[in-house]
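For reference, positions follow the sequence shown, starting with 1.
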Amino acid sequence: MTIAFPPLPYAQDALAPHISADTLATHHGKHHKAYVDKVNAAIEGTDLADKSLEEIIHHAEGSGNKGLFNNSAQSWNHAFYWNSLSPTKTAPSGDLAAAIDRDFGSLDDLKKKLKETAVNHFASGWAWLVSRDGTLSVTDTHDAGTELTTGITPLLVIDVWEHAYYIDRKNVRPDYVNAVVDELLNWDFAAENLARGAPWTYPA
């Protein structure tokens, strides 16, 4: 079994003008694909060849295999990120909206926290909205770090590696982050993850 390289959940130009088709062609078609290809090359002929991507990530972290962890975690993070974005503007509702009001005060306060965390993260990494036993918080991870391995439930993520925005925004990360948080976050996906109460599964 090989790890799949999933297609985008929308057309390549669907996030424009906030994220261009050119950015997605490079980010998804080259960066994400390269991570998946490296995972498949690393597991070929090993005991991991028939494991899920989640199992590979946990094994790599537990065994200290940094190269395999980086590529497998980046494969998962990117697929999760594509689903965290929506070409159709959404808004929190139901249990998610109630949890946001309870834990952040308001959606505007949550958005402010997400923006601050994403913009101020030093160098490459990820800004997450997560649930720990139903309580929401905003976190960040460095480089290939993933909240998949921390025993909490990721709800949404924002990629703050420079390749996520350089083609469109050069090095102006705040412009990219503002566009993602204000226009593109897939709150329906976040609600599904909260309701499930367990991490999203990478497509086979």
Side-chain angles (χ1 to χ4, degrees), residues 1-10 24-85 114 117-118 121-165 180 185-186 188-204:
M1 184 178 78
T2 58
I3 299 304
F5 173 55
L8 290 169
Y10 30 73
L24 288 183
T26 301
H27 194 181
H28 173 258
K30 295 182 179 180
H31 288 282
H32 186 182
K33 186 176 187 299
Y35 295 127
V36 174
D37 288 346
K38 288 175 182 177
V39 172
N40 284 322
I43 65 175
E44 185 176 3
T46 74
D47 292 342
L48 296 174
D50 61 348
K51 301 296 185 183
S52 68
L53 183 61
E54 288 82 5
E55 290 172 317
I56 293 167
I57 293 167
H58 286 288
H59 171 85
E61 184 180 55
S63 64
N65 187 333
K66 188 70 172 176
L68 181 58
F69 175 81
N70 286 343
N71 286 300
S72 57
Q74 284 290 82
S75 297
W76 194 94
N77 285 355
H78 277 85
F80 190 78
Y81 169 65
W82 308 132
N83 283 280
S84 294
L85 307 178
L114 277 169
T117 301
H121 181 88
F122 182 75
S124 299
W126 303 83
W128 304 80
L129 175 63
V130 301
S131 169
R132 185 185 299 275
D133 298 326
T135 299
L136 308 189
S137 61
V138 172
T139 65
D140 58 340
T141 58
H142 294 289
D143 299 327
T146 179
E147 291 290 18
L148 173 67
T149 63
T150 58
I152 60 182
T153 302
L155 304 185
L156 292 171
V157 74
I158 303 169
D159 187 342
V160 293
W161 284 64
E162 202 168 64
H163 61 232
Y165 56 89
V180 168
L185 286 181
N186 188 347
D188 294 340
F189 181 62
E192 291 169 6
N193 292 322
L194 179 65
R196 187 188 316 105
W200 174 82
T201 300
Y202 188 90

Flag, side chain of Trp161 to backbone of Asp143, donor-acceptor distance under 3.5 Å: yes
Pair Thr150-Thr139, side chain to side chain contact (heavy atoms under 4.5 Å, CB included): steps then yes or no: CA-CA 11 Å; Thr150 58; Thr139 65; over 6 Å; no
Criterion side chain to side chain contact (heavy atoms under 4.5 Å, CB included) on Leu68 and Ile43, from CA distance to verdict: CA-CA 9 Å; Leu68 181 58; Ile43 65 175; 4.3 Å; yes
Flag side-chain contact, heavy atom, 4.5 Å: Trp126 against Phe80: no
Verdict with reasoning, Leu194 to Leu136, per side chain to side chain contact (heavy atoms under 4.5 Å, CB included): CA-CA 9 Å; Leu194 179 65; Leu136 308 189; 4.0 Å; yes
Polar side-chain atom of Tyr202 near backbone of Ala4 as donor-acceptor pair, under 3.5 Å: yes
Aromatic ring pairing His32/Phe5, orientation class (parallel under 30°, perpendicular over 60°, tilted between): perpendicular
Residue Asp47 excluded, over 12 heavy atoms near CG under 6.0 Å: no
Side chain Asn65, main chain Ala60, donor-acceptor under 3.5 Å: no
Sub-4.5 Å side-chain heavy-atom contact between Trp76 and Pro154: yes
Derivation of the side chain to side chain contact (heavy atoms under 4.5 Å, CB included) call for Ile57 and Phe69: CA-CA 6 Å; Ile57 293 167; Phe69 175 81; 3.8 Å; yes
Backbone N/O of Asn83 and side chain of Asn186: donor-acceptor pair under 3.5 Å: yes
Tyr10 side chain to Trp82 backbone, donor-acceptor under 3.5 Å: yes
Nearest heavy-atom neighbours spanning Leu148 and His58: O-CE1, 3.9 Å
Flag side-chain contact, heavy atom, 4.5 Å: Ser84 against Ile158: no
Pair Trp200, Glu54: side-chain N/O donor-acceptor within cut-off below 3.5 Å: no
Non-hydrogen atoms of Ile56 and Ser72 that approach each other most closely: CG2-CB, 4.0 Å
Any pair counted as ring pair (Phe, Tyr, Trp, His ring centres under 6.0 Å), so long as it reaches residues 135-156, sequence neighbours left out: His121-His142
Exam field: side chain Thr2 to backbone Asn40, donor-acceptor pair closer than 3.5 Å: no
Heavy-atom pair with the smallest gap, counting every atom of Ser75 and Leu53: CB-CD2, 4.0 Å
Parallel, tilted or perpendicular: rings of Tyr81 and His78 (30°, 60°): perpendicular
Check: Thr146/Asn77 side-chain N/O donor and acceptor closer than 3.5 Å: yes
Heavy-atom closest contact (Trp128 atom, Thr141 atom, distance): NE1-OG1, 3.0 Å
Taking every non-hydrogen atom, the tightest pair across Pro199 and Arg196: C-NH1, 3.8 Å
CD-CG distance between Glu61 and Asn70, expressed to the nearest 0.5 angstrom: 11.0 Å
Smallest separation among heavy atoms of Ser52 and Ile3, with atom names: C-CD1, 4.3 Å
Inter-residue atom distance Thr26.OG1 - Lys30.NZ, 0.5 Å rounding: 5.0 Å
From Thr153 atom OG1 to Asn193 atom CG, the distance as rounded to the nearest 0.5 Å: 8.0 Å
Value rounded to 0.5 Å, distance of CD in Glu147 from CG in Leu156: 13.0 Å
